[in-house]
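Encoded as structure tokens, the structure appears first; notes follow it.
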Amino acid sequence: MPAKQPRKTTRTTSKKGAGASAKRTKRAPVPRRAKATAPKRVARSKTKRSDSQKLATYWKKRDFEVTPEPKGGPTLERGGFGYLIQKHDARRLHYDFRLELDGVLLSWAVPKGPSLAPEERRLAVRTEDHPIEYGDFEGVIPEGQYGGGTVMLWDRGTWKPEGDPHEAIDKGHLAFSLEGERLRGRFHLVRTRRKPGDKSESWLLFKGKDAAAATAKSKKEPIETEKTSVVTGRSMEEIASDRKRTWQSSRVETTPAERTQLRDLVSQIPTTVSFTNLDKILYAEQGLSKAGLIAYYAIVEPYMMPYLKDRPVTLVRCPDGAPSKGEVHQKPKSTLCFYQKHAKTHAPDAIIRVPIEEEGGTKDDYMAISNRDGLLAAVQLGSLELHTWGCHIDDVERPDTVVMDLDPDPDLPWKAVAEAAFEMRALLEELGLDSWVKTTGGKGLHVCFPVTRRLDWEAFKGFTKAVATTLEGARPNRYTTNPIKARRKGKVFIDYLRNGRGATAIAPYSTRARPNATIATPIGWDELKDGIRPEELTLRSMPARLDALKKDPWARFLETKQSITAAMRKRLGL
DNA sequence: GTTAACT
DNA sequence: AGTTAACTCTCAGTG
DNA sequence: CACTGA
């Protein structure tokens with residue numbers, strides 16, 4: 001079963017279900033999680049296991065903060081023999097065949113589902129044991145989660161083994177009868193010989209000979225005739241759309257009227273860029289479409305452009321949208337998004353190409369944006385973040401903008417981060433430098449200032465390092481400049497390395513590829529003092545904020561002419 | 001999201 | 001015609 | 001050394 005889309009493959013390789021035999025693509029290495037799948041050992045072992053051991057694999061694969069599937073817990077061994085089949089529309093549609101034994105549900109993924117014809121032997125891939133409570137589950141597993149997709153209860157009832165089921169499973173031949181609503185009579189599960197390289201057990205599920213056995217011709221297959229839930233009568237579509245309703249209730253609703261409005265707005269933007277996929281949702285939690293993103297950038301463009309214009313830029317592109325809360329939790333944006341630094345073949349004409357010398361001495365085309373068309377072209381490419389160099393393209397070797405990144409231990413209160421920014425400002429002021437502050441979209445702050453183009457990157461970075469270490473030296477308990485042990489111990493990491501050649505920092509007014517759609521927002525020092533909250537500066541709130549602002553908090557940034565002087569460097573011991 | 005290079 | 005990879009860089013830690 | 005995660 002080769003995967004359809006490479007990106008999704010990467011993101012979901014560890015999804016097994018029916019796709020247990022999925023061939024690996026070259027790019028997608030076997031995730032460690034998949035290696036941890038060891039249903040064989042768990043299921044075949046005759047020794048008594050504790051309940052927690054039995055379901056360890058099941059738990060390991062799921063994030064119960066995200067998925068509506070039951071966690072299941074230590075269960076009493078009721079000796080009951082429940083049976084059920086779930087129709088599961090994950091990466092591939094398949095049927096999950098489950099038999100209760102020893103307090104868990106033994107499970108097989110059957111890609112083609114069961115057949116009533118004894119000669120039809122259906123592949124059944126053994127998967128991890130599931131908790132008994134799973135037998136009641138019907139609903140939608142969120143995208144990005146293990147087995148993401150719609151689950152329908154297709155059949156349920158009881159089963160009865162012929163002989164000792166433990167021995168039969170060890171032997172690899174389980175004969176049993178089913179007493180379900182849609183399947184009845186004798187069935188067999190037979191384990192096939194394991195081929196070298198097989199990661200999971202393959203079994204065959206087929207009908208045993210009895211009165212209920214049918215030849216494929218004489219009787220319709222229940223898989224074909226029964227299309228609805230055995231419990232709720234719902235179709236797969238109905239189950240799936242139920243999710244939409246509950247899901248949408250927890251976010252800002254986008255009505256068709258609003259969609260039209262956004263499309264209209266987009267159509268009125270004067271631009272040469274042609275847009276596609278305007279209704280595609282890029283921020284799931286806020287229900288924000290690509291049209292909404294384009295509208296946002298069209299609005300902030302006059303505010304943003306002065307800081308973005310004519311600097312080498314790196315894009316963080318997420319054509320399928322920002323990671324949702326669930327996705328960010330387990331597998332961050334590395335798989336959903338990718339960085340683009342070079343123009344390569346992808347860059348549209350509206351984005352400027354700038355040949356820049358690489359470390360090795362060769363030249364490669366970088367990108368720069370100089371006007372609205374360029375910005376919107378980047379958005380059309382699915383860019384959710386724009387990162388800029390600290391220089392302009394007409395003199396790439398002479399930087400002109402310093403960014404001191406204050407990156408706090410996540411446990412630190414916001415107030416401590418704000419205080420750090422004020423201390424940084426005070427130090428710079430003492431040296432004779434005016435500075436401005438912006439949020440980053442997360443819990444960090446950037447203290448920024450312009451300087452005249454005099455130093456090369458080495459000297460420039462050296463100066464920012466000295467500033468950082470000075471602050472660290474003054475308050476070693478509060479600050480660290482060591483990226484290694486940056487985290488822990490309640491410190492703020494002062495990242496001066498953003499001031500090196502080729503390094504970048506998030507551009508003012510850029511969106512972030514994060515679930516909450518926060519914006520890297522220039523703010524006033526007074527606002528920071530008054531306790532402005534970075535999580536409230538979002539894509540949705542920004543237009544109103546800009547309207548309400550009496551003056552641009554960074555108004556003086558662009559006019560300020562100041563230099564890193566010999567005297568300043570001397571004062572820092574350089 | 002786009003392109004080029006494959007099967 | 002349909003499928004797949006590439007689209008950053010660096011660095012510490014791990015086996 | 002190859003690979004991963006940050």
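As the structure is a prediction and not an experimental result, all values here were calculated from the model. Letters A, B, ... mirror the listed sequences (proteins, then strands); counts begin at 1.
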dT8(C) and dA2(D), which share atom name P, separated by this distance in whole Å
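Taking atom P in both dA2(D) and dT8(C), they lie 22 Å apart.
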
Applying side-chain hydrogen bond (donor to acceptor under 3.5 Å, both in side chains), can you list everything that pairs with Thr470(A), at least two apart in sequence or on another chain?
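Partners of Thr470(A) by the side-chain hydrogen bond (donor to acceptor under 3.5 Å, both in side chains) criterion come out as none, since no residue qualifies.
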
Taking side-chain hydrogen bond (donor to acceptor under 3.5 Å, both in side chains) as the definition, give me every residue that meets it alongside Ser370(A), ordered by chain and number, with sequence neighbours left out.
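Not a single residue meets the side-chain hydrogen bond (donor to acceptor under 3.5 Å, both in side chains) criterion with Ser370(A).
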
Identity of whatever pairs with dT8(C) - Watson-Crick or G-U, under 3.5 angstrom
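Partner of dT8(C): none found under 3.5 Å.
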
Between dT2(B) and Lys344(A), is there an OP1 or OP2 to side-chain N/O distance shorter than 4.0 Å?
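Indeed not, no polar side-chain atom of Lys344(A) lies that close.
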
Report yes if at least one side-chain N or O of Lys341(A) is closer than 4.0 Å to OP1 or OP2 of dC7(C); otherwise report no.
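It does not, given that no N or O in the side chain of Lys341(A) lies less than 4.0 Å from OP1 or OP2 of dC7(C).
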
Let me know the distance between [atom1] of [X] and [atom2] of [N], rounded to the nearest Å.
{"X": "Leu278(A)", "N": "dG1(B)", "atom1": "CG", "atom2": "C1'", "result": "13 Å"}
{"X": "Asp495(A)", "N": "dC9(C)", "atom1": "CG", "atom2": "P", "result": "18 Å"}
{"X": "Leu386(A)", "N": "dT8(C)", "atom1": "CG", "atom2": "P", "result": "16 Å"}
{"X": "Tyr366(A)", "N": "dC7(C)", "atom1": "OH", "atom2": "P", "result": "13 Å"}
{"X": "Arg317(A)", "N": "dT8(C)", "atom1": "CZ", "atom2": "C1'", "result": "13 Å"}
{"X": "Leu497(A)", "N": "dT8(C)", "atom1": "CG", "atom2": "P", "result": "21 Å"}
{"X": "Gln340(A)", "N": "dA6(C)", "atom1": "CD", "atom2": "C1'", "result": "10 Å"}
{"X": "Arg353(A)", "N": "dC7(C)", "atom1": "CZ", "atom2": "C1'", "result": "13 Å"}

Measuring from Arg317(A):CZ to Gln380(A):CD, what's the distance to the nearest 0.5 Å?
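Separation between the atoms: 9.5 Å.
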
Supply the atom-to-atom distance Arg498(A) CZ to His446(A) NE2, rounded to the nearest 0.5 angstrom.
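So the gap between those two atoms works out to 5.0 Å.
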
Write out all pairs satisfying ring-ring contact (aromatic ring centres under 6.0 Å, His included) with one or both partners inside residues 346-379 of chain A, taking only residues at least two apart or from two chains.
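Listed once each, the pairs are His342(A)-Tyr366(A), Tyr366(A)-Trp389(A).
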
Leu455(A): side-chain contact (heavy atoms from CB on, under 4.5 Å) partners, not counting sequence neighbours
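Leu455(A): side-chain contact (heavy atoms from CB on, under 4.5 Å) contacts with Ala459(A), Phe460(A), Ile564(A), Arg569(A).
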
side-chain contact (heavy atoms from CB on, under 4.5 Å) partners of Ser541(A), counting only residues at least two apart
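Thr538(A).
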
Show each protein N/O and nucleotides 3-7 of chain B N/O combination with a separation under 3.5 Å, one pair to a line.
none

